[in-house]
Amino acid sequence: MMFTIAHSSDGDLIWDLPAGYGKQKWMQKQVERGSWTDPPPVYFVIGHQMITENRIELIKNFLEYKQDHSHIRELRCNIRFAIQGFDGDQREVYEVPEIRAFFSGVVALCPYWFYFCDLRDQANLQMIAACSCEPLRVLRKKRSRKVRILVNQDSIRPFCARAFEMHQKLSELIQIPQADALDHYANALETLVAPQRGS
């Protein structure tokens, strides 16, 4: 599947994310508004101490392969991440070095995480990619509820290739039809490289 890449004059990918996206306060607002899909997402809340101590193995244990594949099937395309303890920080989560290091470690240690990522909210995947890719530029506009991120295309290619490889392996392990696996990856790729609607 081919997509037209939205990019700046410098050739960077352009993503527009809600301000404060991924923080605990943002997640609580979604809960209060009843902003759910069917099936509802599973929020994995990552605590401040987990970030500062770089406890990546806790996510690995949560997503680890199980003999009972129903655990993996139930979480397929259904997990969103929220960060606890940074609501008072004016920076976006992908600007905080400790959070960036944590998610970079998650991507390296748990490369099959891609399989679990909920794509119904495209900012979910973009936030993780923004934490894991260099270089990154963040642009803000006064009184805007959106934050524009510019990500180097060259850093996205290996990110996507690695994620696709491991997503395929996990899909084969638990016998997900290849067509379904490819469709999920195509949707993920579109989230990362397709033009932003209304931008």
Side-chain angles (χ1 to χ4, degrees), residues 17-18 20-31 35-37 39-89 91-134 136 149 155-156 158-174 176 181 184-185 188 191-192:
L17 272 69
Y21 184 91
K23 294 183 179 180
Q24 184 181 15
K25 185 177 180 180
W26 166 85
M27 181 194 70
Q28 290 172 339
K29 286 183 178 179
Q30 303 307 304
V31 174
S35 302
W36 301 119
T37 51
V42 174
Y43 274 98
F44 191 108
V45 180
I46 304 171
H48 187 276
Q49 186 175 0
M50 190 173 170
I51 293 284
T52 56
E53 295 181 359
N54 208 29
R55 299 291 304 278
I56 301 167
E57 73 278 3
L58 296 179
I59 287 188
K60 184 177 186 295
N61 293 340
F62 180 73
L63 301 181
E64 193 61 272
Y65 300 157
K66 305 290 183 183
Q67 289 298 111
D68 179 9
H69 290 166
S70 63
H71 167 78
I72 299 176
R73 290 178 181 275
E74 289 172 3
L75 294 176
R76 181 175 182 248
C77 314
N78 207 33
I79 290 181
R80 300 181 189 181
F81 293 99
I83 311 298
Q84 188 178 49
F86 288 86
D87 286 343
D89 195 315
R91 296 170 294 180
E92 299 297 326
V93 295
Y94 37 82
E95 295 181 282
V96 180
E98 296 89 345
I99 298 177
R100 292 182 58 80
F102 181 85
F103 274 110
S104 294
V106 169
V107 170
L109 186 64
C110 315
Y112 43 84
W113 66 271
F114 203 71
Y115 168 94
F116 299 95
C117 194
D118 188 351
L119 302 180
R120 294 168 296 181
D121 179 3
Q122 67 178 15
N124 183 45
L125 177 56
Q126 290 174 345
M127 178 191 73
I128 299 171
C131 285
S132 308
C133 297
E134 294 278 5
L136 180 77
I149 307 173
S155 66
I156 285 294
F159 176 86
C160 291
R162 172 72 167 158
F164 177 63
E165 177 187 359
M166 299 308 296
H167 176 62
Q168 286 292 92
K169 287 183 178 180
L170 182 56
S171 296
E172 291 171 6
L173 176 69
I174 63 174
I176 294 293
H184 177 71
Y185 180 72
T191 293
L192 294 176

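Only a predicted model underlies this, so the values are computations on that prediction, with no experimental measurement involved.
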Quiz item: So Phe86 and Val93, side-chain contact (heavy atoms from CB on, under 4.5 Å) or not? Walk me through it.
Solution: CA-CA 8 Å; Phe86 288 86; Val93 295; 5.5 Å; no

Quiz item: salt bridge (charged side-chain N to carboxylate O under 4.0 Å, His left out) with Glu98: which residues, sequence neighbours excluded?
Solution: none

Quiz prompt | Pro40 backbone acceptor or donor facing Asn78 side chain under 3.5 Å | solution = yes

Quiz item: Between atom CD of Gln49 and atom CD of Gln84, what is the distance when rounded to the nearest 0.5 Å?
Solution: 10.5 Å

Quiz item: Roughly how far apart are Asp87 CG and Met27 CE, rounded to 0.5 Å?
Solution: 9.5 Å

Quiz prompt | Check: Glu92 main-chain N/O paired with Glu95 side-chain donor or acceptor under 3.5 Å | solution = yes

Practice problem: Of all the heavy-atom pairs spanning Leu17 and Gln126, show the shortest one and how long it is. | Solution: CD1-OE1, 3.3 Å

Quiz prompt | Side-chain donor/acceptor of Arg100 to backbone N/O of Ala130, under 3.5 Å | solution = yes

Practice problem: For the pair Asp118 and Arg80, find out whether any cationic side-chain nitrogen is under 4.0 Å from an anionic carboxylate oxygen. | Solution: yes

Quiz item: What is the distance from atom CD1 of Ile128 to atom OG of Ser104, rounded to the nearest 0.5 Å?
Solution: 11.0 Å

Quiz item: Can you tell me how far CD1 of Ile99 sits from CD1 of Ile83, rounded to the nearest 0.5 angstrom?
Solution: 5.0 Å

Self-check item: Over all atoms of both residues, closest heavy-atom pair of Ala123 and Pro18
Solution: CB-CD, 4.1 Å

Quiz prompt | Atom pair SG/OH of Cys133 and Tyr94 - distance to nearest 0.5 Å | solution = 13.5 Å

Exercise. Look at the aromatic rings of Tyr43 and Trp26 and report parallel, tilted or perpendicular, splitting at 30° and 60°.
Key: perpendicular

Quiz item: Lys23 side chain to Gly88 main-chain N or O, any donor-acceptor pair under 3.5 Å?
Solution: no

Quiz item: Going through the checks in order, is the side-chain contact (heavy atoms from CB on, under 4.5 Å) test met by Ile79 and Cys117?
Solution: CA-CA 5 Å; Ile79 290 181; Cys117 194; over 6 Å; no

Quiz item: Does the side chain of Val42 reach to within under 4.5 Å of the side chain of Phe116, using non-hydrogen atoms?
Solution: no

Self-check item: Distance, nearest 0.5 Å, that separates CG of Asn54 from CZ of Phe102
Solution: 7.0 Å

Quiz item: Among all residues two or more places apart in sequence or in another chain, which pass the side-chain hydrogen bond (donor to acceptor under 3.5 Å, both in side chains) test with Gln28?
Solution: none

Exercise. Can you see which heavy atom on Phe44 is nearest to which on Leu58, and at what distance?
Key: CZ-O, 4.4 Å

Practice problem: Dump the intermediate steps for side-chain contact (heavy atoms from CB on, under 4.5 Å) on Met127 and Phe103, then the final yes or no. | Solution: CA-CA 10 Å; Met127 178 191 73; Phe103 274 110; 4.2 Å; yes

Quiz prompt | Stepwise side-chain contact (heavy atoms from CB on, under 4.5 Å) check, Met50 with Arg55 | solution = CA-CA 5 Å; Met50 190 173 170; Arg55 299 291 304 278; 3.9 Å; yes

